[in-house]
Amino acid sequence: MKGKFITFEGTEGSGKTSVIKKVKIELENLGYKVLTTREPGGIKISEQIRSILLDKENQEMDSKTEALLFAASRRQHLVEIIIPALKNGYVVLCDRFVDSSLIYQGIAREIGIDQVYDINYFAIEDALPDLTIFVDVRPEVGLERVFSTPGREVNRLDLEDLDFHQKIYQGYLGLVQKYDRIKCVNGEQSLDKVVEDTIELIKLIL
């Protein structure tokens, strides 16, 4: 039996990582085998690339270098972790995937969505998610969470100005309209309600 590939997207501080943890428990209670992972990262090589991408000291990084590094990390993660898990019938919950690159590098870095999609098509071929959950949180709300949460890592992307994060948010809203696989959940509700709404959407594809 082939598993299901579900990705989670959102602005910085949207809470998707917390949502994923709770969704995993809910799905396991329903009897599903669940794997959670993240991008960039998830495995040794991709985590090493992640450390370069998110290092606050790397402010001089070129936007195309950034896009290529994300795609390289994604490729290794896909072939080493995601595809084998899907073949073994797992529901894979991934914190960010290709849509992040379309938005962060394609729109916010102004490389262009089509150009970034071409880079990523080489990396992932036809391995698109069965469902993508966009955890909808306004950027000013998300950033306030980032900087007020004790112990929360503040990375290179968090330090971009509000205009950058507004571009990210508007870009995601555009993708929700463009792709049927992307479903929107109000991330400014209580965590339990966000999880409940997310589970209802996931049940539709299981």
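When atom types are taken as modelled, the side chain of E200 and the backbone of D197 share no donor-acceptor pair closer than 3.5 angstrom. Judged purely by atom type and a 3.5 angstrom limit, S51 uses its side chain to pair as donor or acceptor with the backbone of Q48. With hydrogens and angles ignored, the 3.5 Å screen pairs no side-chain donor or acceptor of K44 with any backbone N or O of G41. Although no hydrogens or angles enter the test, the distance criterion places no donor-acceptor pair under 3.5 Å between the side chain of T11 and the main chain of S14. Side-chain atoms of E125 do not come within 3.5 Å of backbone N or O of F122 as any donor-acceptor pair. Side-chain N or O atoms of T37 include none that pairs as donor or acceptor with a backbone N or O of I81 at under 3.5 Å.
Distance check: L143 CG to R138 CZ gives 12.0 Å after rounding to the nearest 0.5 Å. Of the inter-residue distances, the one linking I52 atom CD1 with M61 atom CE reads 7.0 Å to the nearest 0.5 angstrom. The CD atom of Q105 sits 11.0 Å away from the OG1 atom of T65 when rounded to the nearest 0.5 Å. In this structure, CD in E26 is found 9.5 Å from CD in E196, a value given to the nearest 0.5 Å. Rounding to the nearest 0.5 Å gives a distance of 6.5 Å between CG of L102 and CG of N120. Note that CZ of R50 is 10.0 Å distant from CD of E39, once rounded to the nearest 0.5 Å.
Using a cut-off of 4.0 Å between Lys/Arg side-chain N and Asp/Glu carboxylate O, R96 and E12 are scored as salt-bridged. A salt bridge links K167 with E110: the closest approach of a Lys/Arg side-chain nitrogen to an acidic carboxylate oxygen falls below 4.0 angstrom. Contact check on R38 versus E47 returns a salt bridge, with a Lys/Arg side-chain nitrogen under 4.0 Å from an Asp/Glu carboxylate oxygen. Between E188 and R145, none of the side-chain N atoms (NZ, or NE/NH1/NH2) sits under 4.0 Å from a carboxylate O, so this pair counts as no salt bridge.
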> Step by step, would you call D192 with K22 a side chain to side chain contact (heavy atoms under 4.5 Å, CB included)?
Replying inline: CA-CA 8 Å; D192 286 344; K22 290 210 162 207; 3.2 Å; yes
>> Quick one, Y179 with L128, criterion side chain to side chain contact (heavy atoms under 4.5 Å, CB included). Give me CA distance, side-chain angles, the key distance, then yes/no.
In response: CA-CA 11 Å; Y179 296 117; L128 286 170; over 6 Å; no
>> Pair L35, L93 - check side chain to side chain contact (heavy atoms under 4.5 Å, CB included), show working.
In response: CA-CA 6 Å; L35 172 73; L93 307 178; over 6 Å; no
>> Please evaluate residues Y172 and E9 with respect to the criterion side chain to side chain contact (heavy atoms under 4.5 Å, CB included), reporting the C-alpha separation (whole Å), side-chain torsions for both, the decisive distance (0.1 Å), and the verdict.
In response: CA-CA 8 Å; Y172 272 124; E9 298 285 349; 2.6 Å; yes
> What do the steps show when you test D95 against K16 for salt bridge (Lys or Arg N to Asp or Glu O under 4.0 Å), and what is the final call?
Replying inline: CA-CA 7 Å; D95 189 339; K16 58 189 167 40; 2.6 Å; yes
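When every heavy atom of G3 is checked against every heavy atom of D130, the shortest pair comes out as O-OD2, 4.3 Å. Nearest heavy-atom pair across V194 and G187 is CG2-CA, 3.9 Å. Here the closest heavy-atom approach between residue I111 and residue A67 is recorded as CD1-CB, 4.0 Å. The two residues G13 and V137 have their closest heavy-atom pair at O-CG1, 4.5 Å. Here the shortest heavy-atom pairing between E57 and E60 reads O-OE1, 3.5 Å. Across S46 and S73, no two heavy atoms sit closer than the pair OG-O, 2.9 Å.
One hydrophobic cluster holds both L173 and I113 under the rule that ILVMFWY side chains link at heavy-atom gaps under 4.5 Å. In terms of hydrophobic clustering, with Ile, Leu, Val, Met, Phe, Trp and Tyr side chains grouped at heavy-atom distances under 4.5 Å, I25 and L30 are assigned to different clusters. Taking hydrophobic clusters as Ile, Leu, Val, Met, Phe, Trp and Tyr residues chained together by side-chain heavy-atom distances below 4.5 Å, I119 does not share a cluster with L69. Clustering ILVMFWY residues whenever any of their side-chain heavy atoms sit less than 4.5 angstrom apart, transitively, puts I45 in a cluster other than the one holding L68. Both L201 and L191 belong to a single network of hydrophobic side chains, linked directly or stepwise wherever heavy atoms of I, L, V, M, F, W or Y lie under 4.5 Å apart.
Between R74 and S101, the side chains place a donor N or O and an acceptor N or O closer than 3.5 Å (distance only, hydrogens not considered).
Counting heavy atoms from C-beta on, the side chains of R181 and L131 never come closer than 4.5 Å. Looking at heavy atoms from C-beta onward, D136 lies out of side-chain contact with V185 at the 4.5 angstrom threshold. Residues E140 and E144 fail the side-chain proximity criterion, which asks for heavy atoms closer than 4.5 Å. Counting only heavy atoms from C-beta outward, the side chains of V116 and F70 never approach each other to under 4.5 Å. Residues I199 and L27 are in side-chain contact: their nearest non-hydrogen atoms beyond the backbone lie under 4.5 Å apart. Using a 4.5 Å cut-off on side-chain heavy atoms (C-beta onward), F97 and T132 make no contact. The shortest side-chain heavy-atom distance between I6 and I205 falls under the 4.5 Å cut-off. Looking at P139 and I168, their side chains never come closer than 4.5 Å, going by heavy atoms from C-beta outward.
By the 30° and 60° cut-offs, the orientation of the rings of Y169 relative to F134 is tilted.
Annotation: cation-pi pair K33/Y90 present, NZ/CZ under 6.0 Å from the ring centroid and within 45° of its normal.
In N29, the CG atom is crowded: over 12 heavy atoms of neighbouring residues, nucleotides or ligands sit closer than 6.0 Å.
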